[in-house]
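Down below is the structure, laid out as structure tokens.
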Amino acid sequence: MAASRSALLVLADGRFPAGGHAHSGGAEAAVKAGRIHDAAGLEAFCRGRLHTTGLTAAGLAAGACLGLDPYALDAAADARTPSPALRAAARRLGRQLMRAARAAWPGPELDALAAAFPRGAHQPVVLGVTARSAGLGPEDAAHCAAYETVGGPVTAVVRLLGLDPYQATAVLARLAPETDAVAARAAAAAHHGVDALPAASAPLLDITAEQHATWPVRLFAS
């Protein structure tokens, strides 16, 4: 248990070189549109993201950690990501995570996934297989995915607005019980197969992702 808990900390650490620091999770577009301008706006944004795309990503990660068919999971991820910009970003993040994961926890399952998806599988699918290779369980994988969903935007908004990092960290702390609940719900769904995985969506994030992709100058890749 101690080794697995340490692996979970490594995988969820923002310093793990999985490429997430270059992505704002839609926060950059929300800041520009005026929907995020303080800690309260950031919390509202993160809560909405957690219960939609976060729940969906957590389910995919939990399913991959359980050993569900990665081809079916990747197709499910595609179907749940209507924005071409976000699909491309998810695969770029999947490739970057794969590089880090194979260095940290080398094994046949990661090798097979990399061979099957040379252009990159969706990041939550890679995350789930990574968690499995690290000796973690499906709820651990779901926790990582859910936490990334809110942790990325919080870090981005500190950079974008110069928001007090203490206030930003307090947002994550207040969201912790909801993050736990989302992870538990996602992991429970994964035990019933790919067709039972959550498919919650956030249309505004899809729309703004397409707009963001056309900006000639931006701080974050997505």
Side-chain angles (χ1 to χ4, degrees), residues 1 3-5 7-12 18 20 25-26 46-83 86-87 89-91 93-95 97-98 101 105 107-117 120-152 175-206:
M1 177 62 71
S4 293
R5 185 163 295 172
L8 176 60
L9 293 173
V10 172
L11 186 56
C46 287
R47 178 170 286 110
R49 184 169 161 77
L50 174 64
H51 288 279
T52 54
T53 58
L55 175 62
T56 299
L60 291 163
C65 189
L66 273 172
L68 300 182
D69 180 4
Y71 289 99
L73 286 169
D74 196 72
D78 255 353
R80 288 160 171 76
T81 313
S83 162
L86 290 181
R87 287 199 298 272
R91 293 191 184 281
L93 285 167
R95 288 196 302 271
L97 174 57
M98 179 63 77
W105 299 288
E109 288 187 277
L110 285 168
D111 291 344
L113 186 64
F117 296 94
H122 277 262
Q123 192 268 358
V125 179
V126 180
L127 176 61
V129 177
T130 299
R132 183 180 173 91
S133 297
L136 301 172
E139 193 158 341
D140 295 320
H143 265 100
C144 282
Y147 180 75
E148 285 178 353
T149 300
V150 292
L175 289 173
E178 293 176 61
T179 304
D180 289 346
V182 164
R185 179 182 168 190
H191 285 280
H192 298 285
V194 175
D195 290 343
L197 293 178
S201 63
L204 185 58
L205 287 178
D206 295 319

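Keep in mind it's a predicted model, so treat the numbers as computed, not measured.
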T81 and H122: CA distance, side-chain angles, deciding distance, side-chain contact (heavy atoms from CB on, under 4.5 Å) verdict: CA-CA 10 Å; T81 313; H122 277 262; 4.0 Å; yes
Test log, rule side-chain contact (heavy atoms from CB on, under 4.5 Å), inputs R91 and D78: CA-CA 10 Å; R91 293 191 184 281; D78 255 353; 3.2 Å; yes
S201 and T53: CA distance, side-chain angles, deciding distance, side-chain contact (heavy atoms from CB on, under 4.5 Å) verdict: CA-CA 6 Å; S201 63; T53 58; over 6 Å; no
Donor-acceptor pair, side chain of R87 and main chain of P82, under 3.5 angstrom: yes
Residue pair L8 / C144, side-chain heavy-atom distance below 4.5 Å: yes
Heavy-atom side-chain contact between L60 and V194 under 4.5 Å: no
side-chain contact (heavy atoms from CB on, under 4.5 Å) between L97 and L93, worked out: CA-CA 6 Å; L97 174 57; L93 285 167; over 6 Å; no
Side-chain donor/acceptor of D74 to backbone N/O of Y71, under 3.5 Å: no
Donor-acceptor contact present, side-chain R49 to main-chain V150, <3.5 Å: no
Smallest separation among heavy atoms of A187 and A62, with atom names: CA-CB, 3.9 Å
Backbone of A200 reached by a side-chain donor or acceptor of T56 within 3.5 Å: yes
R185 (side chain) donor-acceptor with A181 (main chain) under 3.5 angstrom: no
Y147, OH atom: more than 12 neighbouring heavy atoms under 6.0 Å: no
R95, CZ atom: more than 12 neighbouring heavy atoms under 6.0 Å: yes
L55 and L50, any side-chain heavy atoms less than 4.5 Å apart: no
Side-chain heavy atoms of M98 within contact of T130, under 4.5 Å: no
